[in-house]
Asks: 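I have a structure here, written as structure tokens, and I will follow up with some questions on it.
These values consider heavy atoms only, across backbone and side chains, with no hydrogens, waters or symmetry-generated copies. The chains referred to below are lettered A, B, ... by the order of the sequence lines, with proteins before strands, and numbering in each begins at 1.
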Amino acid sequence: MPRAGLAERLQREGLLPRRQEATAGGTAEGAEPPGCGELRAGDAGKELALRGWVQRRRDHGGLLFVDLRDRTGLVQLVFNSEGDRELFALAESLRSEYVIAVRGKVLRRDPDQRNPALKTGEIEIQVAHLEILNRSKTPPFYIEDGLHVDENLRLRYRYLDLRRPENYRRLALRHRAVKLIRDYLDGCGFLEIETPALTRSTPEGARDYLVPSRSSPGSFYALPQSPQLFKQLLMVGGVERYFQIARCFRDEDLRADRQPEFTQIDIEASFMERERLFAIMEGMMALLYSGLLGYELPRPFLRLTYREAMERYGTDKPDLRFGMELIDCSEPARESEFKVFRSALEAGGAVKALRAPGKGGYSRRELDELVALAVGWGAGGLAWLIREEQGWRSPIAKFFSPALLEKIGELAGAVPGDLLLFAAGDRSLCNEVLGRMRLHLAPESLPAEPHFLWVVDFPLFEYDPLEKRLTPAHHPFTAPREEDLPLLESEPLAVRSQAYDLVLNGVELGSGSNRIHRREIQWRIFRELGISEDEAMEKFSFLLEALEYGAPPHGGIALGLDRLVALFTGDESIRQVIAFPKTAAGSCLLTGAPAEVAPQQLQELGLSIKSALKDGGPDR
RNA sequence: GGAGCUGUGGUGUAGCGGUUAACAUGCCGGCCUGUCACGCCGGAGAUCGCGGGUUCAAUUCCCGUCAGCUCCGCCA
């Protein structure tokens, strides 16, 4: 996917048709007249009516031009003082963003008056009638593309921001993506089904947004972090193939790619092999790429096990647009005199290396910065070797025989000018640190083609050192791999799950798994997670019970729609592709949410606010 | 919870321990019949985010705070 400008990619004719033929069951409204931006030389001579906003006014005294904008683009209106005096006077009163309706004639412009920068530049509208539908205050920023304005201001006046053509295109592209997805999944036999937004809070996972109940004072609904349990219940309900463009809510700290509410393409299927689901998802991505960008996506996608991904890239979402794979140097390191390496190996750890091509010219200071970075990421240190035309430059070279250095250099594929970085110690820590370093030292320019892959065989559990207990790596309803079941109680951290992630260019687009469909297994998992029988019954009895009534084998996936759309538009932040996004602090600058509520409302809910909370102090 | 960056007319920026706080654009008024980021002339518009401190003097230095952004933790 070329990461060219949004405008360049979206302005291609036909990508975002304004009018679709009404689909079956819809109402065909007949041919709508063209919008401002759709008029062409072929329309010359037509009398027509247009409505829109005043983009800009150019007043030449006796001659006045107005650029009229609607969602289709711009067209130039002309008013001449030699015509209707009243009309001209009204036109003189126009200002930016006034909403107007005009009637007039499409005139072909003289050749020397054409504007090739404008799609409608060969024509203009000789206005015969003008009506001001609404006046406008001067907007706080320009309504035009390529704006460089404080995001604060744009969010506060989001409705003005949305008037900018590039934002209309973003919304339109999102719409097109969702429509393609709906039609595709429909064609695959999936049913779109809504699930509750008011549900119950469950342990594990992200912090819930809570909604107090009026009829049960002291009780709360939770907004769903995902429709996970409901979609499983739909499988028990015999739906077999479900999907939903589902809003999800998580009360966690935000990032450029995380909003408190976001949208998932949520999918679940019964009796479906993992490979079949992968193929369906790959088909869906291919359709999006061809439908939105005209790019034919190579399939099938690459697969890597979690273990491979960690060993080779130091992350569970590797960016495969460049190489720089991690190299296991434990064997040659064993023969060195370097104490750090030897003791790491003796303690059962590893020595791993990262080759940074052409970075051998780094100064001592730059190298020190890399070491500091690694230490900040938890490494004990970071050793480096620089391959030179003749031999090696390194503070640790003296601990290695020349033959050993050659061996390492060969293993790493080092050529003169390369920098080799080494981490020693706990194997997974080495992988993680070098994985981060790999991204830090990634090439500036990366190939434009999308690099998809499936990461499979995630571990079932992770160990939380703070709480000293197991947590689900995916979620507690993920099925373990059958062959690893015997290890569940004896060696839980070695148990692999049937969970997987879809990764694109280093971004996790979605994750899924086959679910537990037998009650007995679900019990064992809860027990391993430290969820007591009582708690499991209290919080999940409905699920456990459902599993007892012939729950079919099932599994599914959820893809982040916002991230997906942002990839297609080339935006760094998902805020760009959400109509009304929130700030990093979770507030909506447009509406002022969240806001205090009236005492009456609190009373009805049986709530009282500890006022000291607002001052940051304890309640007294 | 932690770290970093940003905050100056409507907007985007410049600036500096003492300025009449500069520039562009927008806005208002005037002139202008072929512009399209129209042009020309004139004008209005800023308690320099907020609070405190240092100083003879703070928009400038220091501390705090608020808001926005980015990252770490967090996000089954």
Asks: Is there a Watson-Crick or G-U wobble partner for B:A37 with both distances under 3.5 Å, and if so, which one is it?
Replies: none

Asks: Do A:D464 and A:T471 pair up side chain to side chain, a donor and an acceptor below 3.5 Å, judged on atom types alone?
Replies: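 Side-chain D/A pair, A:D464 to A:T471: absent.
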
Asks: So A:N80, base contact, sugar-phosphate only, or nothing? Heavy-atom distance under 4.0 Å.
Replies: base

Asks: What about A:Q113: does its side chain form a donor-acceptor pair under 3.5 Å with the base of B:U35?
Replies: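 No.
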
Asks: Please state whether the base of B:G26 and the side chain of A:R95 form at least one donor-acceptor pair under 3.5 Å?
Replies: no

Asks: Which value, in whole Å, describes the distance between the P atoms of nucleotides B:C31 and B:G17?
Replies: 46 Å

Asks: Ring stacking, A:H60 with base of B:C38, under 5.5 Å and under 30°?
Replies: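 Stacked: ring centres under 5.5 Å, planes under 30°.
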
Asks: Could you check whether the side chain of A:D110 and the base of B:G34 have a donor-acceptor pair of N or O atoms closer than 3.5 Å, going by distance alone?
Replies: no

Asks: A quick test of your reading: do over 12 heavy atoms of other residues, nucleotides or ligands sit less than 6.0 Å from CZ of A:R156?
Replies: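 No, the 6.0 Å shell around CZ holds no more than 12 heavy atoms from other groups.
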
Asks: Given the P atoms of B:G12 and B:C32, what is the spacing between them in whole Å?
Replies: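 Comparing P positions in B:G12 and B:C32 gives a spacing of 35 Å.
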
Asks: Per the atom types in the model, does the base of B:C69 pair as donor or acceptor with the side chain of A:D150 at under 3.5 Å?
Replies: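 Side chain to base: no pair present.
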
Asks: Distance check, P atoms only: B:A21 and B:U33, in whole angstrom units.
Replies: 40 Å

Asks: Could you work out the separation of B:A3 and B:U60 based on their C1' atoms and round it to a whole Å?
Replies: 25 Å

Asks: Taking atom types as they are modelled, would you say the side chain of A:E124 forms a donor-acceptor pair with the base of B:G34 within the 3.5 Å cutoff?
Replies: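 In this structure, the two groups form a donor-acceptor pair.
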
Asks: B:G68 P sits how many Å from A:R158 CZ, rounded?
Replies: 15 Å

Asks: In whole angstrom, give me the gap between the P atoms of B:C16 and B:G10.
Replies: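 B:C16 and B:G10 have their P atoms separated by 23 Å.
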
Asks: Could you check whether the rings of A:H554 and A:H517 sit parallel, tilted or perpendicular, using 30° and 60° as the cut-offs?
Replies: perpendicular

Asks: Starting at the 5' end of RNA chain B, which residue's closest nucleotide do you reach first, A:R56 or A:L63?
Replies: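 Upstream on the strand: A:L63.
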
Asks: At under 4.0 Å, does any side-chain N or O of A:R156 touch on OP1 or OP2 of B:A67?
Replies: no

Asks: Hey, does A:P260 have a side-chain heavy atom less than 4.5 Å from the side chain of A:L254?
Replies: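 Heavy-atom side-chain distance check passes, below 4.5 Å.
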
Asks: So what does A:L153 touch, heavy atoms closer than 4.0 Å: a base, only the sugar-phosphate, or nothing?
Replies: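 Sugar-phosphate, backbone atoms only, no base.
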
Asks: Within a strict 4.5 Å, meaning less than it, do heavy atoms of the A:M235 and A:R515 side chains meet?
Replies: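 Heavy-atom side-chain distance check fails, nothing below 4.5 Å.
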
Asks: Hey, is the side chain of A:R109 pairing donor to acceptor with the base of B:U35 inside 3.5 Å?
Replies: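 Present.
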
Asks: Going by modelled atom types, is there a donor-acceptor pair between the base of B:C74 and the side chain of A:R258 at under 3.5 Å?
Replies: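 Between B:C74 and A:R258, which were checked side chain against base, a qualifying N/O pair under 3.5 Å is present.
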
Asks: Taking the C1' atom in each of B:U20 and B:A46, what is the distance between them to the nearest angstrom?
Replies: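 My reading of the C1' atoms in B:U20 and B:A46 gives 13 Å.
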
Asks: How far, in whole Å, is B:G68 from B:G30 if one measures between their C1' atoms?
Replies: 41 Å

Asks: Round to the nearest Å and state the distance from A:F88 atom CZ to B:C32 atom C1'.
Replies: 11 Å

Asks: Could you check which of B:U70, B:C69, B:U13 has an atom nearest any side-chain atom of A:T583?
Replies: B:C69

Asks: What's the gap between B:C61 and B:C69 when it is taken at their P atoms, as a whole Å value?
Replies: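 The same atom, P, in both gives a distance of 25 Å.
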
Asks: Counting N and O atoms only, with roles assigned by atom type, does the side chain of A:T569 sit under 3.5 Å from a partner on the main chain of A:V565, one being a donor and the other an acceptor?
Replies: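 Here the side-chain-to-backbone pair exists.
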
Asks: Check for me: is A:F141 stacked on B:U11 by the 5.5 Å centroid and 30° plane-angle rule?
Replies: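 According to the criterion (under 5.5 Å, under 30°), no, A:F141 does not stack.
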
